[in-house]
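Structure record follows, encoded as structure tokens.
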Amino acid sequence: MTKYNRSKEPASSEITSKSDYISRRQFVKAAAAVGGLALLWAGRPKPPGSEVALTESSSATGASTGDAPQIPATSVPTPVTDELGMALTSYKDVTSYNNYYEFTTDKTEVARLASDFQTSPWQVEVGGLVRNPGTYDIDDLRTKFDQEERIYRLRCVEAWSMVIPWLGFPLRKLLAEVEPTDKAKYVRFETLADRSQMPGLSAPWYNWPYVEGLRLDEAMHDLTLLSTGLYGDPLTPQNGAPIRLVVPWKYGFKSIKSIVKIDLVEEMPVSLWMTAGPNEYGFYSNVNPEVDHPRWSQATERRIGSSGRIPTIKFNGYEAEVAHLYAGMDLTENF
Ligand code: MTE
């Protein structure tokens, strides 16, 4: 087994082509100048000089419109690791090794089967126990809320993981708009279930549509992201276009894709996975190396694009940010 060493320089084969990502970041920067994005790195306090003032004016092709000063490319932050120094998973791996059971259970076939998935027009209905229910067009969500870049680790319950630069906005901003009432205790999410587009829905042993849930305080946490893109581009269908949840301290199945409905509710939602395997998949599903899956260990994980295994970190490395949410709770019982 490969010994894990945080300070180890990743092999060049393990990381994204730097020039590729720099050019993608230039795209984000250009989009920011046009659309008023905020570039943030992992939503953390940033090292000095890591944030760029997005003052220049440019088009998405990078052409200057003339007036504002151009920031030289060398001054653009180009983090190719997460805040723990872990290399980004390549764009190719992120978009070709996917879990999306509405299409297929074969990870390497999702991209092909989802290639014609219609993600526009797209609306997300937000309601339930809220003062201002609403139906949001995906284009409105993209412009209404600043799109931030967040580099997060994604740890699948199957014990593989990736490091992904997402684009999106904190779910709390949308929740603030709809104003949950005092009765609202949980948030329930639902994926589109369209048999004409999603061949996997013919599998009768799952309780479609795909449903997930969070406690309201988890949903309001700043790390909880509604993602609309990755690597500076809009989300691909296989990654959950046009909008998905990303909850980085929980197993990947909580990060529900292609959301059409968000409801504030009083009772704990029952997820598709809780129904499919009540002894294997709980509501909380916090990444925890100390609590094994009944059929395999969760102590280590395989980082896609690398060889060997690395230790799994409690709460996927976000313990300082989220442990307080579970103070006093038995995490073995509340798995
Ligand atoms: N969302 C829906 N609607 N359907 C799914 O099958 N799979 C989940 C999650 N969201 C899934 C889903 C699982 S198990 C994982 S690990 C992640 O999506 C994978 O996300 P990725 O394919 O973008 O890496």
Side-chain angles (χ1 to χ4, degrees), residues 88-115 117 119 122 124 150-168 171 188-195 197-203 205-214 224-231 233-262 269 271-277 280-282 285-287 293 295-296 298 301-305 312 316:
L88 299 195
T89 305
S90 73
Y91 181 78
K92 186 166 181 297
D93 282 342
V94 172
T95 56
S96 61
Y97 188 84
N98 301 99
N99 269 336
Y100 201 162
Y101 279 32
E102 286 88 334
F103 290 94
T104 174
T105 54
D106 181 342
K107 294 175 178 44
T108 60
E109 278 292 293
V110 178
R112 186 180 66 79
L113 289 168
S115 60
F117 185 50
T119 57
W122 190 278
V124 184
R150 304 276 186 103
I151 299 175
Y152 286 161
R153 294 168 290 285
L154 175 87
R155 168 58 157 85
C156 180
V157 73
E158 298 163 340
W160 53 264
S161 61
M162 300 189 184
V163 181
I164 303 176
W166 301 103
L167 280 180
L171 170 63
R188 179 186 181 279
F189 306 85
E190 203 175 296
T191 296
L192 179 75
D194 179 355
R195 279 174 168 262
Q197 299 194 73
M198 299 166 134
L201 291 176
S202 60
W205 42 86
Y206 293 113
N207 190 27
W208 309 111
Y210 197 103
V211 166
E212 261 307 337
L214 293 174
T224 304
L225 201 69
L226 277 175
S227 170
T228 57
L230 58 83
Y231 265 105
D233 284 339
L235 281 180
T236 64
Q238 61 270 30
N239 291 104
I243 188 162
R244 71 173 295 172
L245 190 69
V246 185
V247 194
W249 71 95
K250 292 178 178 282
Y251 290 121
F253 65 82
K254 298 294 290 184
S255 294
I256 181 172
K257 296 179 171 181
S258 308
I259 297 168
V260 288
K261 207 163 182 293
I262 301 177
S271 70
L272 174 138
W273 287 110
M274 288 164 75
T275 311
E280 304 198 348
Y281 308 103
S285 300
N286 293 316
V287 175
H293 185 278
R295 287 183 282 132
W296 59 84
Q298 294 291 23
E301 65 202 57
R302 183 170 61 92
R303 181 60 52 84
I304 300 300
T312 287
N316 206 19

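In this text, all values refer to a predicted model and were calculated from it rather than measured experimentally. First listed ligand is number 1; within each ligand, the first listed atom is number 1.
- Side-chain contact, Lys107 with Asn98: no donor N or O sits under 3.5 Å from an acceptor N or O.
- In Glu102, the part holding a heavy atom less than 4.0 Å from any atom of ligand 1 is the side chain.
- Side chain to side chain, Tyr97 and Thr89 fail the donor-acceptor criterion of an N or O pair below 3.5 Å.
- Residue-ligand proximity, Tyr101 to ligand 1, at heavy-atom distances under 4.0 Å covers atoms 5 (C), 6 (O).
- For the pair Trp160 and ligand 1, the shortest N or O to N or O distance does not fall below 3.5 Å.
- The residue from Tyr100, Tyr206, Tyr210, Tyr251 that puts a heavy atom closest to atom 12 (C) of ligand 1 is Tyr210.
- There is no side-chain donor-acceptor pair under 3.5 Å between Glu109 and Thr104.
- Counting heavy atoms closer than 4.0 Å to ligand 1, residue Ile164 contributes nothing at all.
- The residue from Asn99, Leu230, Thr104 that puts a heavy atom closest to atom 7 (N) of ligand 1 is Asn99.
- Of all atoms in ligand 1, listed by their number and element, those nearer than 4.0 Å to a heavy atom of Ile256 are 1 (N), 10 (N).
- Ligand 1 lies nowhere less than 4.0 angstrom from a heavy atom belonging to Glu212.
- Heavy-atom contacts of Asn98 reach the following atoms of ligand 1: 21 (P), 22 (O), 23 (O) (cutoff under 4.0 Å).
- The residue from Glu158, Gln238, Arg244 that puts a heavy atom closest to atom 20 (O) of ligand 1 is Arg244.
- Ligand 1 lies out of reach of Ser258, whose nearest heavy atom is not under 4.0 Å from it.
- Ring centers of Tyr101 and Trp273: under 6.0 Å apart, within the cut-off.
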